[in-house]
Enquirer: 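A single structure is presented below for examination.
Letters A, B, ... are given to chains in the order of the sequence lines, protein chains preceding strands, and every chain is numbered from 1. Worth saying up front: this structure is predicted, and the values here are computed from it rather than measured.
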Amino acid sequence: MPPLLEVTALRSGYGPIDVLHDIGLSVDAGEIVTMIGANGAGKTTTLLTVSGAVRVRGGRVAFDGHDLTRTPAHKVVSLGMAQSPEGRKIFPRLTVLENLQMGAFTRTDKPAIADDLEKMFGLFPILKERKGQAGGLLSGGQQQMLAIARALMSRPKLLLLDEPSLGLAPQIVTQIFDIIRDLNAKQGMSVLLVEQNARLALKVAHRGYVLETGRVTLADKASVLLNDPRIRAAYLGE
Amino acid sequence: MPPPARKPFGLSWEGGIFLALLLYPLFPMFERGLFAATGRSLGEQLPLVFIFALLAYGLNVVVGYTGLLHLGIAAFFAVGAYTAGIFSTAAYAFQWPFWVVLPLGALAAAGVGLLLGAPTLRLRGDYLALVTLGFGEVTKFTLKNVVGITAGSQGLSPINPPTDHPAWSDDFRPFYYLTLGVLILAALLLRNLERSRLGRAWIALREDELAANCMGLNPAKLKLAAFALGSGLAGLAGVLYATRLTSTADPNAYDFNRSIFLVCCLIVGGLGSRLGALLGVMLLVGFDNILTPIIDGAIQQQFPDAGGKIFLTFTGWRLAVFGLALILMMRFRPEGLFPSSRVKHELHPDEAVSEPVEPITMGKTTGEVAAIDGGKA
Ligand SMILES: Nc1ncnc2c1ncn2[C@@H]1O[C@H](COP(=O)(O)OP(=O)(O)OP(=O)(O)O)[C@@H](O)[C@H]1O
Ligand SMILES: [Mg+2]
């Protein structure tokens, strides 16, 4: 079976500058894959290019039988790819409930949406308590939960997660990663995870890629990367 | 626990204002009293306020809901007015009736909006502001220069009234109710739109375009829709304006000052808020057309020999007062005088947070939801 997401020789960037030179990676159905790398390596740009928010300049993106190389971002959601962008970009003036509903914007199956709302409230009870409040009034951690829940509202086959642990207290990070692992194990949702906390990411993921200045320099099973002396020195602070 | 009653007699502020305006002509003593006191007929002035409020609604769709800075709304107002001029005056063979020209003006303006928007809406905020500003000026100069079509600074006239009935010209009420009726219909349309999928999408886009894009919203299409609707409402206002003047007037009536004046109305009233647009226009038009002449009259009585000394007339100072008011506004109440509930939350989080935030019981939660959803009940 071909992988769910397959990225080949991807090149992209901003203005006159190429940021990604040669990215190749894949995510199988039911897999959690992580990308680690220094600040500015191009992790966020990779996610944005895969989802179509940044234009592909070379190479190819294939997802679930579709060629996404030229597909704009607003069309990939209904194909089953959702993204929780870096910096928890929730809509501050929409209520928590409206934020979640925006996540289901491309869906038309109302009863199932209502169902999924309840599921999100089950996963993140605080969102239920605050559902009538403006999203911007939530704490940073609550906003991150909202951003993830909002992405899940589209029922994605593949979830692109950019730094879900950014600025969160350790126990909330653990809680969020437990939820991600759970969704993967029970519903078979695939995840492409970008994370500064490389140790945590490699513990959760099945496989990992290491990015350096727009290129993939290492790819292996997460458990192998976790014990690789180069990784330990460069990304795990040992 | 039932949610607290926020609306007296089940009416919102907006509904209350519209009701009062609907009732005003039924009590001629008000009209006579005001006329005796100020020498001006409120019944004749208010339709102008309604027309500008309609124009402000249109601008609000673009600037308030969608967050695109539009500095050339007067051009679309002009498209409406000149549609009326071309299709209803004797200068052309059409001479179509008012009820055909009214929607036609809206459609024409929306069409021009689409033509301008399609290539330019991808531009970032400040560039779009420049493009719309330029378009407004170009439109004004074109109207002045293509004299063969627009009659230049003379304007096209006379524009046919909706009916030949003598009451049309003898009585302020038919036009009053016509403009108020269109305004109320527009308010109802916008109210429903704000709660619709499209309305939410506009707000999401304004808040964070990248995130909205990642949710499957198509920014280009949504902005174009906002632009078309906003322009269409401006065109509708333009037809009514020309009908009231019975002429398209001098192209200077559609210049940059008019566009900026409307942006000011929105800022003073509260960006994104329907009530704010309405009251912002009432306040500023009232200041300009009603208060300024009254103050001038009073000054003249006080200083009868002031003639020619411009510093002794209020008209000379009114723009300075205007500017000062805007600066004070930005400093102390950036959300406007009558903001939408969404904006209030964000700009004054300290006030908003004073609502119970920590342990929330179920009862309180429902209360809060009801308070925020209040407009939807
Ligand atoms: N909108 C943009 N315009 C221009 N350059 C950008 C833009 N966004 C990112 N870059 C550049 O692209 C490069 C890669 O950035 P990117 O955000 O993909 O890195 P990252 O790996 O996600 O880093 P971090 O770990 O800090 O989030 C950087 O050099 C950055 O300066
Ligand atoms: Mg990043």
Enquirer: For residues B:Ala211 and A:Lys89, report the shortest heavy-atom separation together with the two atoms involved.
Expert: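 For B:Ala211 versus A:Lys89, the nearest heavy atoms are CB-O, 3.2 Å.
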
Enquirer: What part of B:Leu217 gets closer than 4.5 Å to chain A, counting heavy atoms only: side chain, backbone, both or neither?
Expert: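 The answer is both parts of B:Leu217.
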
Enquirer: Where on A:Ala82 is there a heavy atom nearer than 4.5 Å to chain B: the side chain, the backbone, both, or neither?
Expert: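 No part of A:Ala82 comes within 4.5 Å of chain B.
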
Enquirer: Select one option (side chain, backbone, both, neither) describing which atoms of A:Leu160 are under 4.5 Å from chain B's heavy atoms.
Expert: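 A:Leu160 has no heavy atom closer than 4.5 Å to chain B.
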
Enquirer: Within a radius of less than 6.0 Å around OH of B:Tyr127, do more than 12 heavy atoms belonging to other residues, nucleotides or ligands occur?
Expert: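 Atom OH in B:Tyr127 is not crowded, with 12 or fewer foreign heavy atoms closer than 6.0 Å.
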
Enquirer: Would you name the heavy atoms of B:Gly216 and A:Phe105 that are closest together and state the gap between them?
Expert: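 Closest approach of B:Gly216 to A:Phe105, heavy atoms only: O-CD2, 4.1 Å.
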
Enquirer: Using every non-hydrogen atom in the two residues, find where B:Ala204 and A:Met102 come nearest and quote the distance to one decimal.
Expert: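 Result for this residue pair: CB-CE, 3.8 Å.
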
Enquirer: Around atom CZ of B:Arg122, are there more than 12 heavy atoms of other residues, nucleotides or ligands at under 6.0 Å?
Expert: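 Result for CZ/B:Arg122: open.
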
Enquirer: Taking all non-hydrogen atoms of both residues into account, name the closest pair between A:Ala73 and B:Asn213 and its distance.
Expert: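 Closest heavy-atom pair between A:Ala73 and B:Asn213: CB-OD1, 3.4 Å.
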
Enquirer: Quick check on side-chain contact (heavy atoms from CB on, under 4.5 Å): which of B:Met215, B:Arg206, B:Arg200 does A:Phe91 satisfy it with?
Expert: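 Of B:Met215, B:Arg206, B:Arg200, side-chain contact (heavy atoms from CB on, under 4.5 Å) with A:Phe91 is met by B:Met215 alone.
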
Enquirer: For B:Glu209, what residues pass the salt bridge (Lys or Arg N to Asp or Glu O under 4.0 Å) criterion, not counting sequence neighbours?
Expert: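 Salt bridge (Lys or Arg N to Asp or Glu O under 4.0 Å) list for B:Glu209, sorted by chain: B:Lys223.
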
Enquirer: Could you have a look at A:Lys75, A:Arg150, A:Met153 and say which one has the most heavy-atom pairs with chain B under 4.5 angstrom?
Expert: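 When all of A:Lys75, A:Arg150, A:Met153 are compared, A:Arg150 has the most.
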
